[in-house]
Amino acid sequence: IQMTQSPSSLSASVGDRVTITCRASQIINSYLNWYQQKPGEAPKVLIYGASRLRSGVSSRFSGSGSMTDFTLTISSLQPEDFATYYCQQSYGTPLSFGPGTKVEIK
Amino acid sequence: EVQLVESGGGLVKPGGSLRLSCAASGFNFSTYSMSWVRQAPGKGLEWVSSISGNSNFIHYADSVKGRFSISRDNAKNSLYLYMDSLRVDDTALYYCVNYHYDTSGYSFFDYWGQGTLVTVSS
């Protein structure tokens, strides 16, 4: 299953609402996860099952979508949110990630 | 506190082999599926292999099938990745990752180690 993301990068300001999209090459129902990776750090899961917030993750992150099209939304961008975001399908093996979306400071 | 500590990375020539290890602590290791995920320098994430808690189910990415072998020793709370016939494009940071199956029926990569760097170069 091929995963695509758009945009590949974006520039935004603190306080902005940011939306990242992810598309799967086939129907994956809601088996879609989102990860955040900061430079020099391991990734961290934010959202699983398309819309379920991982315990301990800020509620400014939300996920939506099903079947093939998904969205990660950051409601009000904070300085610590500047990072690269990856989607990943857990519908079946081989497990696959999107290419990533880098969120940079405007 | 969950800890995953990888070791065994290093510089190896093309065609060579290497064995990665991951020491796990802070959770009931034998009940969790575990995975290896890699990241080439400056690139995205690539799933490599997964193994179920009892080792009954093992899966590999097509890019490593036939060359890599995943295994675990639940008595030692350890995960391994034996890599053979290494290629230049296997160069990456290799992460040991706990794979969590939620009660909702969904699964995701949960706890990650800091990674061990494998460099394949002549």
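By convention in this document, chain letters (A, B, ...) are assigned in the order of the sequence lines, proteins followed by strands, and residues within each chain are numbered from 1.
Under a cut-off of 6.0 angstrom, the local environment of CZ in Phe27(B) is crowded, with over 12 non-hydrogen atoms contributed by other residues, nucleotides or ligands. Other residues, nucleotides and ligands contribute at most 12 non-hydrogen atoms within 6.0 Å of the CD atom of Gln2(A). No more than 12 heavy atoms of other residues, nucleotides or ligands shown are found within 6.0 angstrom of NZ on Lys76(B). In this structure, Arg23(A) places its CZ atom where only 12 or fewer heavy-atom neighbours from other residues, nucleotides or ligands lie under 6.0 Å away.
Looking at Ser30(A), both its backbone and its side chain come within 4.5 Å of chain B, counting heavy atoms on both sides. For chain A, no part of Val97(B) is nearby; none of its heavy atoms comes within less than 4.5 Å. Using a 4.5 Å cut-off between heavy atoms, Asp102(B) touches chain A through its side chain atoms alone. Neither the backbone nor the side chain of Pro39(A) comes within contact range of chain B; no heavy atoms are under 4.5 Å apart.
Linking ILVMFWY residues whenever their side-chain heavy atoms come closer than 4.5 Å, directly or via other members, places Tyr32(B) and Leu20(B) in the same cluster. Tracing side-chain contacts under 4.5 Å through hydrophobic residues (I, L, V, M, F, W, Y), one never reaches Met83(B) starting from Tyr80(B); they form parts of separate clusters. Connection of Phe29(B) to Tyr99(B) is not established within any shared hydrophobic cluster, with ILVMFWY side chains joined at heavy-atom distances below 4.5 Å, either directly or through further cluster members. Clustering ILVMFWY residues whenever any of their side-chain heavy atoms sit less than 4.5 angstrom apart, transitively, puts Leu79(B) in the very cluster that holds Val64(B). When hydrophobic clusters are built by joining Ile, Leu, Val, Met, Phe, Trp and Tyr residues whose side-chain heavy atoms come closer than 4.5 Å, directly or via intermediates, Val37(B) is grouped together with Tyr31(A).
Between the OH atom in Tyr48(A) and the OG atom in Ser104(B) there is a gap of 4.5 Å [rounded to 0.5 Å]. We find the CD1-OH distance between Ile47(A) and Tyr106(B) to be 13.0 Å, quoted to the nearest 0.5 Å. Taking CD1 of Ile58(B) as the start and OG1 of Thr93(A) as the end, the distance is 12.5 Å to the nearest 0.5 Å. Going from atom CG of Leu45(B) over to atom CG of Leu95(A) covers 12.0 Å, rounded to the nearest 0.5 Å. Here the straight-line distance linking atom CZ of Phe109(B) with atom OG of Ser90(A) works out to 8.5 Å at 0.5 Å rounding.
Checking side-chain atoms of Asn33(A) against main-chain N and O of Ser107(B) turns up a donor-acceptor pair under 3.5 Å.
Of all non-hydrogen atoms in Pro43(A) and Tyr95(B), the two that sit nearest each other are CD-CZ, 4.2 Å. Of all non-hydrogen atoms in Gly113(B) and Ala42(A), the two that sit nearest each other are O-CB, 3.4 Å. The shortest non-hydrogen separation linking Gly44(B) to Tyr86(A) is CA-OH, 3.6 Å. In terms of heavy-atom proximity, Gln114(B) sits nearest to Gly40(A) at OE1-O, 4.1 Å.
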Discussion item. Could you walk me through whether Asp110(B) and Arg54(A) satisfy the side chain to side chain contact (heavy atoms under 4.5 Å, CB included) test, starting with their C-alpha distance in whole Å, then the side-chain angles of each, then the deciding distance to 0.1 Å, before giving a yes or no?
Written reply: CA-CA 9 Å; Asp110(B) 199 2; Arg54(A) 182 68 174 123; 2.6 Å; yes
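Between Gln88(A) and Trp47(B), every side-chain heavy-atom pair lies at or beyond the 4.5 Å cut-off.
Judged by distance alone, the side chains of Gln39(B) and Gln37(A) do bring a donor and an acceptor atom under 3.5 Å apart.
Using a 30° and 60° split on the angle between ring planes, Trp112(B) and Tyr35(A) fall in the perpendicular class, above 60°.
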